[in-house]
Amino acid sequence: MKLLELLKGIEYSVVQGRMDTKIQKPVYDSRKVEKGDLFVCITGFQTDGHKYVKNAVDAGAVAILCEKQIQIEDDIVVIQTKNTREALALLSANFYDHPSNKMNVIGVTGTNGKTTTTYLIKSVLDKIGHKVGIVGTIENRIGNKVLHTERTTPESLELEALFQQMYQEGVKDVVMEVSSHSLDLHRVDAIQYNISIFTNLTQDHLDYHKTMENYKMAKSLLFQRCDASVINIDDAAGHFMKEKAKGRVITFGIDTKADLQAKNIEISADGAKFTLKYQQKKYDITLHTPGRFSIYNALGAIGACVLMNIAMEDIVAGLENVQGVSGRFQTIKNKKGYNAIVDYAHTPDGLENILNTAREFVKGRIITVFGCGGDRDRTKRPIMGEIAGKLSDYCIITSDNPRTENPALILEDVEEGVKKTNCAYTKMVDRREAICHGVEYAKEGDVIVIAGKGHENYQIFADKTIHFDDVEEVRKAFGGDVL
């Protein structure tokens, strides 16, 4: 592809060189540059791509797209633009011929519930015979084929490549989690969304966004660029998202009057049942995961399916086919009569939801094993500690992903919140030891809630990343008593 075609729709100035130069592919990582490539200088959190222009040229780059002034050989094309992240999104779409325009793309954003909502929609689409692509926290998926993923929303270049692969493999619908980072950092700028879903907004990612207002504004970007939206109107930010949305809007809720309303709610250890009211009709829905949050996730999924004109009978059947999602209220049972629940809850609201749900059916005590990640928003640590203390009978504060922080100091931040309650607690830096202690402490009728990591099968430290899976560790701790 010629450079001129690749940069179509992007504002830029030509510093030097010819725009009819042929480009093999765009690259933003200088270590991956090959002969004939365009190197895009991205300013990241850890480093600045402008520092690696010479490396890229030495590796064979024939053109450079930059924000800052650079000095390089005369035979290399140099293009300057205001924001290379914005430019990368559009030129990536140009390079892969805008694959999102050829499929039905559903974006799900919010603090909690994104993953489960995507899998509920996938189950309905599977029911009617559609081949579905998934882009999300747990995995990327094409039909039944699982692909590796490292973050909720990939960088725009990888995302466009993934979309092209999905289209080539016959995917009709793509359901993707859309993070606030990806919206703010322009990773999804060139994606054509047909439907967007807002789950909820609670404190998270303030290490990056700094304020809840910034976080809310970043989330709202999805609804400003989408053809139709499904909004949780019970959430405090729901009306804001509705105001920002263009095109058709379907609202959902439990407590507030909405287009999709859940009534007659029944929650047990095995799941949740409710009556859906929509357009003067009623439908009985059965879910295999408990909690009000499960009902909200289902309502969001139903709204998207309604916008796709899927028959309500197929929607109901598709929802009932979902037995659960990895690391999302995943129950591991024990012969001795106490169970463990592994969940990804890593925000104050997420932890509160999980513990309130467990409280609805637990016959004995709630034992909570949890921590907070390092190099992330410190302000939520004591908040989560206080929530755990209020809603648990015993807390075991432990490590999550400490990253570059001292794990013991993170535990102390969490401890400040637990101390405000009357809950008994202990601190154990080693997460494996903490899980084992929770199992040893439990007795018949108790529930051990292990929160924070969910589906993750690794633990990140300052100098290494190790294999660590909460579900595996619980099963080991249960030993021969696991069911």
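Ionic pairing of Arg85 and Asp189 is not present here: no N-O contact between side-chain nitrogen and carboxylate oxygen is shorter than 4.0 angstrom. A salt bridge does not link Asp400 to Arg381: none of the charged nitrogens lies less than 4.0 Å from a carboxylate oxygen. The pair Glu473-Lys476 meets the salt-bridge criterion, since a charged nitrogen lies less than 4.0 angstrom from a carboxylate oxygen. Look at Lys216 and Glu213 and you find a salt bridge, because one of the NZ, NE, NH1 or NH2 atoms lies within 4.0 Å of a carboxylate O, short of that distance. With respect to the salt-bridge test (charged N to carboxylate O, under 4.0 angstrom), the residues Lys380 and Asp349 do not qualify.
Looking only at side-chain heavy atoms (C-beta outward), Asp48 and Lys68 come within less than 4.5 Å of each other. In this structure, the side chains of Leu38 and Phe95 stay at 4.5 Å or more apart for every pair of heavy atoms. Residues His288 and Asn321 are not in side-chain contact: their nearest non-hydrogen atoms beyond the backbone lie 4.5 Å or more apart. Side-chain contact between His50 and Glu67 is present, with heavy atoms from C-beta onward closer than 4.5 Å. The shortest distance between side-chain heavy atoms of Ser399 and Gln459 falls below 4.5 Å. Contact of the Leu319 side chain with the Val322 side chain is not registered, since no non-hydrogen atoms from C-beta on lie closer than 4.5 Å. Taking the side chain as every heavy atom from C-beta outward, Ser92 and Leu159 never approach each other to under 4.5 Å. At least one side-chain heavy atom of Leu260 sits less than 4.5 Å from a side-chain heavy atom of Leu276.
Counting only N and O atoms by type, the side chains of His455 and Arg328 include a donor and acceptor under 3.5 Å apart. No side-chain N or O of Thr199 forms a donor-acceptor pair with one of Asn232 less than 3.5 Å apart. No donor-acceptor contact under 3.5 angstrom links the side chains of Asn200 and Asp235, judged on distance only. In summary, the side chains of Gln192 and Ser100 do not present any donor paired with an acceptor at a separation below 3.5 Å, with no hydrogens or angles considered.
Taking the ring centroids of Tyr193 and Phe223, they lie at or beyond the 6.0 Å cut-off. For Tyr96 and Phe163, the distance between ring centers is not under 6.0 angstrom.
Here the closest heavy-atom approach between residue Thr202 and residue Tyr215 is recorded as O-CE2, 3.2 Å. Here the shortest heavy-atom pairing between Val429 and Ala408 reads CG2-CA, 4.1 Å. Summarising the geometry of Phe370 relative to Gly385, their closest heavy-atom pair is CZ-CA, 3.9 Å, with the distance given to 0.1 Å. Residues Leu120 and Ala301 share a closest heavy-atom pair of CB-CB, 3.8 Å. Residues Lys219 and Met241 come closest through the heavy atom pair CB-CE, 3.7 Å. For the residue pair Lys464 and Ile466, the shortest heavy atom distance occurs at CD-CG2, 4.0 Å.
Expressed to the nearest 0.5 Å, how far CG of Leu88 lies from CG of Leu185 amounts to 11.5 Å. Atom-to-atom distance recorded for Arg292:CZ and Thr357:OG1 is 9.5 Å, nearest 0.5 angstrom. Here the NZ-SG distance, from Lys246 to Cys226, works out to 8.0 Å after rounding to the nearest 0.5 Å. From Thr421, atom OG1 reaches atom NZ of Lys390 across 8.5 Å, with rounding to the nearest 0.5 Å. Atom CD1 in Ile42 sits 8.5 Å away from atom OH in Tyr28 (nearest 0.5 Å). Within the model, atoms CD of Gln224 and CG of Leu183 stand 10.0 Å from one another, a figure rounded to the nearest 0.5 Å.
Asn356 contributes a side-chain N or O that, together with a main-chain N or O of Glu352, makes up a donor-acceptor pair within less than 3.5 Å. Checking side-chain atoms of Arg359 against main-chain N and O of Leu391 turns up a donor-acceptor pair under 3.5 Å. Checked by atom type and distance alone, the side chain of Asp413 never pairs as donor or acceptor with a backbone atom of Ile410 at under 3.5 Å. The main-chain N or O of Thr115 is found under 3.5 Å from a side-chain atom of Thr118 such that the two form a donor-acceptor pair. The backbone N or O of Thr251 sits less than 3.5 Å from a side-chain atom of Asp259, completing a donor-acceptor pair. Between the Asn297 side chain and the Thr117 main chain, no donor and acceptor come within less than 3.5 Å of each other. Of the possible polar contacts, none joining the Glu177 side chain to the Gly107 backbone as a donor-acceptor pair under 3.5 Å is found. Under the 3.5 Å distance criterion, the side-chain polar atoms of Asn401 are left unmatched by any main-chain donor or acceptor of Arg403. Looking at Glu386, its side chain never comes within 3.5 Å of a backbone N or O of Ile383 through a donor-acceptor pair. Between the side chain of Thr109 and the backbone N or O of Val178 there is at least one donor-acceptor pair closer than 3.5 Å.
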Chi angles and distances behind the side-chain contact (heavy atoms from CB on, under 4.5 Å) call for Tyr52, Thr47: CA-CA 10 Å; Tyr52 302 98; Thr47 188; 3.2 Å; yes
Val474 and Ile448: side-chain contact (heavy atoms from CB on, under 4.5 Å), yes or no, with the steps? CA-CA 10 Å; Val474 173; Ile448 309 160; over 6 Å; no
Start with the C-alpha gap between Val175 and Tyr119, add the side-chain angles, then the distance that decides, and say whether side-chain contact (heavy atoms from CB on, under 4.5 Å) holds. CA-CA 8 Å; Val175 193; Tyr119 278 88; over 6 Å; no
Does the side-chain contact (heavy atoms from CB on, under 4.5 Å) test come out yes or no for Leu409 and Glu412, once each step is laid out? CA-CA 5 Å; Leu409 296 181; Glu412 289 180 6; 3.7 Å; yes
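For the pair Lys363 and Tyr338, the NZ or CZ position fails the cation-pi test of under 6.0 Å to the six-membered ring centre and within 45 degrees of the ring normal.
Atom NZ of Lys273 has 12 or fewer neighbouring heavy atoms from other residues, nucleotides or ligands inside a 6.0 Å radius. With a 6.0 Å radius and a threshold of 12 heavy atoms from other residues, nucleotides or ligands, Arg225 has its CZ atom above the threshold. Annotation: Asn422, atom CG; neighbour count of heavy atoms from other residues, nucleotides and ligands within 6.0 Å does not exceed 12.
Note: Phe329 and Phe361 have perpendicular aromatic rings, judged against thresholds of 30 and 60 degrees for the angle between ring planes.
Considering only residues two or more places apart in sequence or on other chains, Thr404 meets the side-chain hydrogen bond (donor to acceptor under 3.5 Å, both in side chains) condition with Asp375. By the side-chain hydrogen bond (donor to acceptor under 3.5 Å, both in side chains) test, Asn339 is found to be paired with no residue, residues two or more places apart in sequence or in another chain being considered.
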